[in-house]
Amino acid sequence: MRRLVFRLAAIVLALGVEAAAYDWPQYLGPERNGVYRGPALAEKWGANGPRVVWRKTVGQGFSGPVVASDHLILFHRLANEEVVEALDVRTGAPQWRYAYPTSYRDDFGFDEGPRAVPVVADGVVYTFGAEGQLHAVDLKSGKRIWSEDTRKRFGVAKGFFGAAGSPLVEGGKVLANIGGRNAGIVAFDAKAGIVAWTATADEASYSSGVGATIGGRRSAIFLTRNGVVGLDPSTGMVHFERRWRSRIAASVNAASPLVIGDLIFVSAEYGPGAAVMRVEGSKVTELWSSDDALSNHYATSVHHAGFLYGFHGRQEFGPSFRAVDVNTGKVRWSEDHFGAGTVTLAGKNLLILKETGELQLSPAMPDGFKPMARAQILPNSVRAYPAVADGFLYARSKDKLVCIDLRKQK
């Protein structure tokens, strides 16, 4: 156990993300790979499902909650404001509130709240609103530290669904997939908000970047509108890149790259499909690619013991849920018409939160899908990623936020 704690501490320091005990301080968790490493979760929930600790009504948004220390950070829209709130993790009681005006309107009639999940690092909360408003707020007090209107400063087009990629904090810098003119990816000084560097001319995607060490070299890896790019987080120098984009203009990249050793799994709908790429220095080689294996529309897959687990197919068409061999792309099993949702790896189990609000727990096994527990925890229309911290699940639907106790009873 001590060895595991030291390993996690080293990872957290490399990421620059603050994580006390078993926090969930950013999108996809402490390591940005959808893996929960906290206390064991119960594998049976009983007839009434797991215990609901608290529940509350919230504003608009696809932005999932994060947890740092005793704070749950909620980023949502109320009336004509984007609001960052800190809540007590055990009671849901308000701690502080920070807000600023927004006039975002969704062209397709979807939710008009923020999309990007906040990130907490070194006592600061960073948020990226639907209109590209980047804000840094003190974790303890909720007071503004700095902010930047990236859309205005870098001449960013609105895009289909506004700004959605969660910022990445690496080495004292906040990296964001801005998609501006000659400023596709921009790094800001984490303390002062000053622009440190700009890189690429790529348009922004809806995917969030990840930090990883490959071949002894630290890289910030983004799936932009055009493809995969790995950058030096300190300087913005391009380490490697590979085009990965559909020929149609309506293509949308939303799932994050998943790094497994020296391999990167990338996936997108509308044509590119999925691929596993090996990175050796500046060289990127495809192990396999396919649009028939594991094409993620918006939910990032997880990896366990040589297999990928995730959603295949477009959200509106009823995606399947699958297990795929990471080295070959071979589909081991597929639960067809499963429906959309998100997946988190907890130990050797998959914690799946479906769009319908149903929570499922199933072993991560390549020989079949065998759910152990199911419970309806939220009403329909769940698109945001949940947070799993210290044995508790925090999840939101279109207008509800809930805290669920998933701890294994001693």
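Hydrogens, waters and symmetry mates are skipped; everything else that's a heavy atom, side chains included, is used.
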Once salt bridge (Lys or Arg N to Asp or Glu O under 4.0 Å) is applied, what residue pairs with a partner in [range] remain, sequence neighbours excluded?
range	answer
residues 53-68	none
residues 308-333	Arg314-Glu316
residues 283-292	Arg242-Glu286

Distance-only check: which donor-acceptor pairs under 3.5 Å involve side-chain atoms of residues 175-185, not counting sequence neighbours?
unit_1, atom_1, unit_2, atom_2, d
Asn177, OD1, Ser205, N, 3.2
Asn177, OD1, Ser205, OG, 3.4
Asn177, ND2, Gly184, O, 3.3

Note to self: On a heavy-atom basis, which atom in Pro118 and which in Ser166 lie closest, and how many Å separate them?
What the structure shows: O-OG, 4.3 Å

What residues form a ring-ring contact (aromatic ring centres under 6.0 Å, His included) with [X], not counting sequence neighbours?
X	value
Tyr100	His135
Phe392	none
Tyr104	none
Phe128	none

Notebook entry, point to check: His76 and side-chain hydrogen bond (donor to acceptor under 3.5 Å, both in side chains): which partner among Glu85, Glu81, Gln60, Arg396?
Noted result: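 Among Glu85, Glu81, Gln60, Arg396, the one that satisfies the side-chain hydrogen bond (donor to acceptor under 3.5 Å, both in side chains) with His76 is Glu85.
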
Table please: side-chain donor-acceptor pairs of residues 372-383 below 3.5 Å, with sequence neighbours left out.
unit_1, atom_1, unit_2, atom_2, d
Gln376, NE2, Thr356, O, 2.6
Gln376, NE2, Leu378, O, 2.9
Arg383, NE, Glu355, OE2, 3.0

Next item on the list: Quickly, which of Asp390, Asp70, Asp405 forms a salt bridge (Lys or Arg N to Asp or Glu O under 4.0 Å) with Arg90? Name it, please.
Entry: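 Exactly one candidate clears the test, Asp390.
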
Check: Judged by modelled atom types alone, do Arg115 and Ser63 share a side-chain donor-acceptor pair under 3.5 Å?
Finding: no

Report the residues that fulfil side chain to side chain donor-acceptor pair (under 3.5 Å) with [X], sequence neighbours left out, ordered by chain and then residue number.
X	value
Arg105	none
Asp88	Thr91
Tyr126	none

Checklist line | Between Tyr385 and Tyr27, ring centroids under 6.0 Å | finding: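 Between Tyr385 and Tyr27, the centre distance is under 6.0 Å.
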
